[in-house]
Structure formats: C-alpha cells, structure tokens
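When a ligand or atom number is given, it counts from 1 through the structure's own listing order.
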Amino acid sequence: MVKESMNISIFGLGYVGAVSLACLARDGHRVIGVDVDRHKIDLIGRGKSPIIEEGIQELMEQVVASGRVTVTDELVAALDASEISFVCVGTPSAPNGSQSQGALLKVTKEFGEALKNKNGRHMFVFRSTVVPGTVEDLLAPLIEQGSGKRRDIDFDVCFQPEFLREGSSITDYDNPPFTIVGANTDHARNKLRTIFGHLTCPFHVTTVRSAEMVKYCCNNFHTVKITYANEVARLCEALKVNPFEVMDLVCQDRQLNISSAYLKPGFAFGGSCLPKDLRATLYMAKQHDVNLPLLASLLHSNQVHIDRAFEKIMSMGARKIAMIGLAFKSGTDDLRESPLVTLAERLLGKGMDLAIYDGEVSLSRLLGANKRYIDEHIPHIGGLLHPSLPKVVTHADVLVLGSRDALVHAELQTLLQPNHRLIDLAPLKDPSGLTCVYEGLCW
Ligand SMILES: NC(=O)c1ccc[n+]([C@@H]2O[C@H](COP(=O)([O-])OP(=O)(O)OC[C@H]3O[C@@H](n4cnc5c(N)ncnc54)[C@H](O)[C@@H]3O)[C@@H](O)[C@H]2O)c1
C-alpha cells in the first residue's frame, strides 16, 4: 500500500488500462475507470476482467470488492472526481503505417471541455504510445483551447511509457526495467514519484519528447533483436549449426554483446573485421539460398550515415577542411575500411582543400608500420596527413572531428576559434565550452 492514496481516473480499459486500474487500486489508490465500450465497463463493474492475463481475474475481483474501483462512461464526472488521469486508449496503425490518433484526439478534446469548469489543478499522464511531439504540440494545445487554462500552471501534461508485455502484464507492471517520466513541472514529477517511486526499478525523469521516443526505441530494439536471432537461426540451419547453442554463447558476452557497447550514436562502423565479416556472412547466406534482409541492409545503412556526414560538410560551403582522426577507431593506426578514409576521398573528389591530423597514423607512418598500406592503397590521402594538430586547425574553416581521443578533444578546446565551424562525428562529451560554431552529425 502506498503512503499517499490518490484519486486517479483511467481512460481506456484495454490491456494497459485494465492492468493499471487493478494494480493502482491494489496499491491503495481510488481508481475510476472510463471506457467507451459499455461491455468492458459492465465486466469490471461486476469484478471481472475485460482481458485475459495471468492473475488479473483474481486481482480485479479483489479490488472491485474493496470499493476502491468505480467504472463509468462519463468522462466529465471521472475528471471531476480525480486529480490525475492516465490515458491508455489505443493508438493502432493506420493503413498507411502512420499512427492512428483518432481515439486519443477525441478523448483529449473532451478533456479540454471538461476541464473548463473544474476547480483545482489536474494532471494528464499519457501512457498510450505516441509519436514524439504529440503530447506537447497536439494534445496540450487541445486541452488549452478547450479549457482556456494554461499548461504547467492549471494543468500538467506528462508522458510515461508503459513497458508491460501481454501475458505477464501484472508482473511487468510491478517489475518494469525502469520508470520513465517525461514531465515539465516539479508538481507532476513529484506526483508520479509518489505513485511509482516504490517500485524497485530506477526512476528516470526526462523531457516529454524523449520519453515518447524511448518507447519507440525500446520496441524497435526488441524487434531488431528478435529478427537478428531468427536470421542467425536460418543461417545456422543451412550451415548445420545449432542456433540455440550459438545464440546462448553469444549472449554470454556481457562486455560487448549484451551491454551498452556499440549503442552510442556516433559515426559509421568500419575497420578490418566488421565489414569483411558481414560481407562473408552474406555470401555464405547467398550460397545456401538463405535470405537475411536485416543483415543485408546494414552496409547500406552504414553508407547512408557516411553520406549524411558528407552532405553536412558540403552544406557548409567551405573549401578548406580539416579532418581530425582518420583511422577507423581512435587509439589505432588501422586505416582498413575506415569510414573516415571514405569520407576524405569523397571530399577530395569534390575538390576540397583537405588537411588531415591523426596522431597514431602519423606516428606509425613515421615508424614504417603503416607506411606500406598508405603508400599502396591511399597515397593521395597519405600526402595530406600533417603531424601537427595546431597547423591542421589553422588551415581550416570547417573541421571534421572523427577522433574520440580525449587528449585531442582537450587540445581542440584551446585551438578552436570563433571563426571555425566544427562538425562532430565523434561525439565530444561536452561541446558547451567551445567558442566555435558546433554541429553534431545528427545530434
Ligand atoms: N498492449 C500492450 O502490451 C501495450 C504495452 C505498452 C504500451 N501499449 C500502448 O498502450 C496503448 C493502449 O494499448 P492497449 O493494448 O491497452 O489497447 P486496447 O485496444 O486493448 O485498449 C484501448 C481501450 O481504449 C478504449 N477507448 C477508445 N476510445 C476511448 C475514449 N474516447 N475514452 C475512453 N476509452 C476509449 C477502447 O474501447 C479500448 O478498451 C496503445 O497506445 C499501445 O500502443 C500497449
């Protein structure tokens, strides 16, 4: 039981709404459930669950018997009798793939009307999955227009993604990976902390837009994982390898595989292993007539990322360009399949006046280690390498930062001048102290 019991209304009593209603009432809150489906209201009114889920029938019976649950199809009455509304109406796919927001817009318009005559501050917590920007750009203005009241003062709008999975929804409700709250006011953050702060998971507060986006990123990541495992299985079958054993071993690596490694936005992948092994995998698949659309798309997506950097640099309209970093990864002199080399070649192809700094590559060239590779494969690039970072910086109007070397980043802080423009592919940990014009690749 929570310390502070609240009056909460829930709009939409499908999978998310019904489970939330039962769990919030179980936790001690007084909950009013609202749906346009009379059948669902009747069922809950009789202590029965409108959805089939493990444990929900028993819980629904209990909470309805406790007297803490009421159900209605009257939106105004529900809003009047509560201080917080959770919105869980469906947001299914439209035929063209866009999100169908009809139910959400309809109920939100009605909130505006209902709020007009309500005394006291009210809080709307949108839990339906919505396209980023929906809550702040579409739903909050609808409530403002209908009610004549001001967001963040008379009412709050928040977005709190729901992470439950059908089939284990009560367990998931109580044990989410985290609570993500997108809210603009302390009032809203504190209320949500009161309701969900007892959960053992981390409680993260962020912007409304980020919270909206996190939900999509989580679901899409799950989709990528499932598809990856299934593509592995199809190839394994053709190669007479046990896919369960392979994926089980893959998952044992908590350093690089099942971890946050490789999940930070940055520049394209490259190097002597990833592209070649991916190509060999796709060739194996082709030999065995196995179709792997996800894996087959990766080199193209990587190329699109390099294109993006190239277009951004070209859009600056400068000719004198410095590239800081050339190897495929900082801390190495390996230039094989470095996307920064590809980028340099494209800039040269457009006649740009290019100067390149990469401490490791210059050093290894001096020692002769990488000299042969540069002389044989990219002699046109080798001639543009300069051993001095200050010289390269002075040469340029636009600087392209590919190096992730912290020492280089620190030196740049002092070298960069207000007339410089920096395009960051690395990315820098904190560009706020820079005196030059800063642009991230896509951030
Ligand atoms: N199902 C899941 O596992 C899950 C998990 C996380 C997030 N979500 C998201 O949560 C949202 C709800 O999903 P769901 O599966 O519970 O949907 P659902 O279709 O099961 O339920 C939606 C309910 O909203 C009701 N409704 C429609 N218009 C209404 C209105 N004007 N007023 C009151 N009620 C209204 C419908 O009658 C229905 O009962 C979706 O945006 C979904 O993407 C779902």
Side-chain angles (χ1 to χ4, degrees), residues 8-24 31-45 48-56 60 70-79 81-82 85-94 97-115 124-132 134-135 138-139 142-143 146 158-182 196 201 211-223 226:
I8 298 171
S9 48
I10 298 188
F11 294 84
L13 300 172
Y15 282 88
V16 171
V19 170
S20 303
L21 170 135
C23 292
L24 286 166
V31 188
I32 308 164
V34 187
D35 205 293
V36 287
D37 184 337
R38 208 48 254 177
H39 182 61
K40 286 187 180 171
I41 294 179
D42 289 344
L43 278 173
I44 296 178
K48 301 206 177 319
S49 168
I51 57 163
I52 308 291
E53 273 291 318
E54 198 182 332
I56 190 81
M60 195 62 90
T70 48
V71 270
T72 176
D73 57 3
E74 290 189 20
L75 177 140
V76 180
L79 209 77
S82 58
S85 298
F86 286 102
V87 186
C88 313
V89 301
T91 48
S93 267
S98 67
Q99 179 173 67
S100 172
Q101 297 187 331
L104 193 60
L105 294 176
K106 183 173 176 292
V107 78
T108 307
K109 244 186 209 157
E110 289 168 16
F111 288 153
E113 285 296 315
L115 201 62
F124 297 95
V125 185
F126 291 93
R127 306 220 61 186
S128 305
T129 302
V130 292
V131 174
T134 302
V135 169
L138 211 58
L139 305 180
L142 269 183
I143 301 173
C158 313
F159 184 77
Q160 186 190 349
E162 174 55 67
F163 294 106
L164 61 77
R165 294 163 300 173
E166 287 174 27
S168 54
S169 55
I170 295 179
T171 314
D172 287 349
Y173 179 95
D174 290 327
N175 302 284
F178 42 29
T179 300
I180 305 272
V181 164
F196 295 102
C201 64
E212 290 169 323
M213 189 64 184
V214 166
K215 178 65 193 172
Y216 279 103
C217 292
C218 290
N219 272 355
N220 292 338
F221 191 38
H222 302 164
T223 312
I226 293 167

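Nearest to atom 14 (P) of ligand 1 among the protein's heavy atoms is Y15 N, 3.9 Å. The protein heavy-atom contact nearest to atom 8 (N) of ligand 1 is V16 CG2, 3.6 Å. Ranking the protein heavy atoms by distance from atom 30 (C) of ligand 1 puts V36 CG1, 3.5 Å first. Distance from atom 41 (O) of ligand 1 to its nearest protein heavy atom, with residue and atom name: T91 OG1, 2.5 Å. Residue, atom and distance of the protein heavy atom nearest to atom 35 (C) of ligand 1 are V89 CG1, 3.5 Å. What sits closest to atom 42 (C) of ligand 1 on the protein, heavy atoms only, is T129 OG1, 4.0 Å.
Residue G14 has at least one heavy-atom neighbour below 4.0 Å for each of these atoms of ligand 1: 16 (O), 18 (P), 20 (O), 21 (O), 23 (C), 39 (O). Listed by number with element, the atoms of ligand 1 under 4.0 Å from a non-hydrogen atom of V107 are 31 (N), 32 (N). In the vicinity of V34, heavy-atom distances shorter than 4.0 Å reach the ligand 1 atoms 33 (C), 34 (N). Every atom of ligand 1 with a heavy atom of G12 under 4.0 Å away is listed here by number and element: 23 (C), 24 (O), 25 (C), 33 (C), 34 (N). Ligand-side atoms of ligand 1 in range of G90: 22 (C), 24 (O), range being under 4.0 angstrom from any heavy atom. Close contacts of ligand 1 with S128, meaning ligand atoms under 4.0 Å from a residue heavy atom, involve 10 (O), 11 (C), 41 (O).
Figure legend: cation-pi geometry between R127 and Y173 absent, as NZ or CZ is not positioned both under 6.0 Å from the six-membered ring centre and within 45° of its axis.
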(request) Show your reasoning for whether salt bridge (Lys or Arg N to Asp or Glu O under 4.0 Å) applies to E110 and K106. (result) CA-CA 6 Å; E110 289 168 16; K106 183 173 176 292; 3.1 Å; yes
(request) Show your reasoning for whether side-chain contact (heavy atoms from CB on, under 4.5 Å) applies to L115 and F124. (result) CA-CA 11 Å; L115 201 62; F124 297 95; 4.1 Å; yes
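Side-chain atoms of T134 and E212 include no donor-acceptor pair closer than 3.5 Å. For the 3.5 Å distance criterion, the side chains of S168 and D172 qualify, holding a donor opposite an acceptor. For the residue pair T91/T129, the side-chain donor-acceptor check at 3.5 Å is not satisfied.
The heavy atom nearest to atom 39 (O) of ligand 1, out of those in K40, R165, Q101, is found in K40.
K215 places a side-chain N or O within 3.5 Å of a backbone atom of E162 that can act as its donor or acceptor partner.
No more than 12 heavy-atom neighbours from other residues, nucleotides or ligands sit within 6.0 angstrom of CZ on F221.
Under a 4.0 Å heavy-atom criterion, K215 is in contact with ligand 1.
Across V16, L104, V135, a single residue satisfies side chain to side chain contact (heavy atoms under 4.5 Å, CB included) together with S128, and that is L104. Across I32, V36, V107, a single residue satisfies side chain to side chain contact (heavy atoms under 4.5 Å, CB included) together with F11, and that is V107.
Ligand 1 has an N or O atom lying under 3.5 Å from an N or O atom of D35, backbone or side chain. Not one N or O of F11 is nearer than 3.5 Å to an N or O of ligand 1, by distance alone. At under 3.5 Å, a nitrogen or oxygen of E166, whether backbone or side chain, sits near a nitrogen or oxygen of ligand 1. Taking distance alone, with nitrogen or oxygen atoms compared against 3.5 Å, E162 stays at or beyond that limit from ligand 1.
When non-hydrogen atoms are compared, ligand 1 lies under 4.0 Å from the backbone of C88 (N, CA, C, O) but not from its side chain. By the criterion of a heavy-atom distance under 4.0 Å, both the backbone and the side chain of L164 are placed next to ligand 1.
Residues F111 and L75 have side chains in contact (heavy-atom distance under 4.5 Å, counting atoms from C-beta outward). Between P50 and M60, some side-chain heavy-atom pair lies under the 4.5 Å cut-off.
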